[in-house]
Amino acid sequence: AFTCLMAQTSFKQEENSVYTSLKDQSSRTYTPIQKQFFSTIDFLDAAINSLNSFNSLLKKEAYRIKITSLNNPTSSDMGFSLENEVQTALRPLLEKAKSTSPQKFSSVVSSLLSTQSKTGLGKSLSVVSPVFPTLLSLVGNLTVQEKKITREDLDSFITTTSKYFVQYEKLNAANNLLDQNIDRLNARMRDLQFDMKEYMLDMISILYKTTQRTSLKSLSYETLFLQYLDRGKIEARWETDVLQQTEIHYPSDGIKGAKDLANNLQKLFNDYQKVYTDNYTQIKTILQDAKKLGKNVNAQQVDASLKEVDELFNESKSSDVLSLRLTTLFERLKSLAATEQVALKK
């Protein structure tokens, strides 16, 4: 498949060949059937551009990288470092330890959290690695082994550290939900791409009667468009009477199929916007709640993270609609629908 950039290069006929071709129509006379096929080609050009752009939008790399990086236990982007808070809470217990090396124990805890930061990025702590239960088990064993460490010391450690883990669990839950929703959107995207390809194969089967449909199955819809549905190629076939040697009929469900493609893409984009808006709201709430955890939280750092997340989300949001160019797609659909009335009058 083409990348979004390649799509903008190959299919940017919206300012170039397509619009030039539409302009040239003023000096040509087309039959109603020809107008329907050419309008369909123009619609497909816009649809391919929109689909490829949407495929790129689903990644939203800058925004997703940022919200995932918040989940790093060794980072302080949430206004605190989980590792620092855990080590600080451990200090009173380790000061009472006699048979356990404080340095070694602290190193084990640090390794546990740093491993999580490398392998658990963007994943739930409870799913990838049960860090909190593992940590409680370590400290519980330490309490049993060291007589001077009391149950009150253990309870204090749990109370102090659990509130920080709760924030990470909330963040992980929000990010995991986003991952699940993006997987769902990607599945729908693949279905839409399949429908687009089938629609194009229907058109190609009519325009190229000697071409076997099965031989085209392996080609991407971008390749199909360039090789078989390029406006210039279709015009040339009509001008040389290649298409006039056999009777050509526009499919009765051709316009309905185009409407279904456009409307399904619009629905998918609306769902996509909701998914990211819901995640953005969740992330903002989690960051704002972090300020309430106590005096150890760096409120200025939280504000800085909030600002960065806000800027990334809004920058992405403002560019999404422009990139997808749904207005152009539905303008082309409207033009295609209008050809049906012309054909009926004929």
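- Atoms CG and CG, on Leu287 and Leu306 in that order, are 4.5 Å from each other to the nearest 0.5 Å.
- Looking at residues two or more places apart in sequence or on another chain, you find a side chain to side chain contact (heavy atoms under 4.5 Å, CB included) between Leu177 and Gln180, Asn181, Gln282.
- The closest donor-acceptor contact from the side chain of Ser305 to the backbone of Gln301 lies under 3.5 Å.
- Annotation: side chain of Lys209 is in contact with side chain of Ile248 (closest heavy-atom distance under 4.5 Å).
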side-chain contact (heavy atoms from CB on, under 4.5 Å) between Glu198 and Leu201: does it pass, once the steps are laid out? CA-CA 5 Å; Glu198 289 298 307; Leu201 288 173; 3.9 Å; yes
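- In the hydrophobic clustering of this structure, Phe194 does not group with Tyr199; members are Ile, Leu, Val, Met, Phe, Trp, Tyr whose side-chain heavy atoms approach within less than 4.5 Å, directly or through other members.
- Within the 3.5 Å criterion, the main-chain N or O of Tyr164 finds no donor-acceptor partner in the side chain of Gln167.
- Leu226 and Asp230 get closest at one heavy-atom pair: O-CB, 3.7 Å.
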Would Arg151 and Asp155 count as a salt bridge (charged side-chain N to carboxylate O under 4.0 Å, His left out) if you check the C-alpha gap in whole Å, the side-chain angles of each, and the deciding distance to 0.1 Å? CA-CA 6 Å; Arg151 175 61 183 269; Asp155 290 343; 3.1 Å; yes
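- In terms of heavy-atom proximity, Ala262 sits nearest to Leu333 at CB-CD2, 3.8 Å.
- In this structure Glu152 satisfies the side chain to side chain donor-acceptor pair (under 3.5 Å) test together with Thr150, sequence neighbours excluded.
- The backbone N or O of Leu219 lies less than 3.5 Å from a partner atom in the side chain of Lys197, making a donor-acceptor pair.
- Within 6.0 Å of NZ on Lys163 lie more than 12 heavy atoms contributed by other residues, nucleotides or ligands.
- A donor and an acceptor atom, one from each side chain of Asn314 and Asp310, are located under 3.5 Å apart.
- Across every non-hydrogen atom of Ala290 and Phe80, the tightest pair is CB-CE2, 4.4 Å.
- Looking only at side-chain heavy atoms (C-beta outward), Leu93 and Glu146 stay at 4.5 Å or farther from each other.
- Closest of all the heavy-atom pairs between Ser81 and Pro73 is OG-O, 3.6 Å.
- When atom types are taken as modelled, the side chain of Arg237 and the backbone of Leu207 share a donor-acceptor pair closer than 3.5 angstrom.
- Between Asn279 and Val275 the shortest side-chain heavy-atom distance does not fall below 4.5 Å.
- With sequence neighbours left out, the side chain to side chain contact (heavy atoms under 4.5 Å, CB included) criterion links Ser75 to Asn72, Asp77.
- The two atoms that bring Ile255 and Leu336 nearest to each other are CD1-O, 3.7 Å, heavy atoms only.
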Could you go through Asn263 and Phe330, starting from their C-alpha distance and side-chain angles, then the distance that decides it, and tell me whether this counts as side-chain contact (heavy atoms from CB on, under 4.5 Å)? CA-CA 9 Å; Asn263 290 331; Phe330 278 92; 3.6 Å; yes
Before you tell me yes or no, could you show the steps for Phe157 and Val86 under side-chain contact (heavy atoms from CB on, under 4.5 Å), namely the whole-Å CA-CA distance, both residues' side-chain angles and the distance that decides it to 0.1 Å? CA-CA 8 Å; Phe157 173 82; Val86 169; 4.2 Å; yes
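- The shortest distance between side-chain heavy atoms of Phe37 and Trp238 falls below 4.5 Å.
- Between the side chain of Ser215 and the main chain of Thr211, no donor-acceptor pair closer than 3.5 Å is present.
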If you apply the rule side-chain contact (heavy atoms from CB on, under 4.5 Å), what do you find for Ile41 with Met203, and how did you get there? CA-CA 9 Å; Ile41 289 170; Met203 294 296 166; over 6 Å; no
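- Aromatic ring centres of Phe165 and Tyr168: separated by at least 6.0 Å.
- By the side chain to side chain donor-acceptor pair (under 3.5 Å) test, Tyr250 is found to be paired with Thr40, residues two or more places apart in sequence or in another chain being considered.
- From Asp45, atom CG reaches atom OG of Ser50 across 9.5 Å, with rounding to the nearest 0.5 Å.
- For residues 184-195, the set of pairs meeting the salt bridge (Lys or Arg N to Asp or Glu O under 4.0 Å) definition, not counting sequence neighbours, comprises Arg184-Asp271, Arg188-Asp271.
- Among residues two or more places apart in sequence or in another chain, the side chain to side chain contact (heavy atoms under 4.5 Å, CB included) test is passed with Ser106 by Gln87, Leu94.
- A heavy-atom distance below 4.5 Å is not found between the side chains of Tyr63 and Glu315.
- Heavy atoms only, all atoms of each residue included: Asp153 and Lys148 are closest at OD2-O, 3.9 Å.
- Using a 4.5 Å heavy-atom cutoff, the side chains of Tyr221 and Leu51 are in contact.
- Looking at Ser101, its side chain does come within 3.5 Å of a backbone N or O of Lys104 through a donor-acceptor pair.
- Taking 4.5 Å as the limit, every side-chain heavy atom of Val297 sits out of range of all side-chain heavy atoms of Met78.
- The distance between the ring centers of Tyr276 and Tyr280 does not fall below 6.0 angstrom.
- Looking only at side-chain heavy atoms (C-beta outward), Gln193 and Ser220 stay at 4.5 Å or farther from each other.
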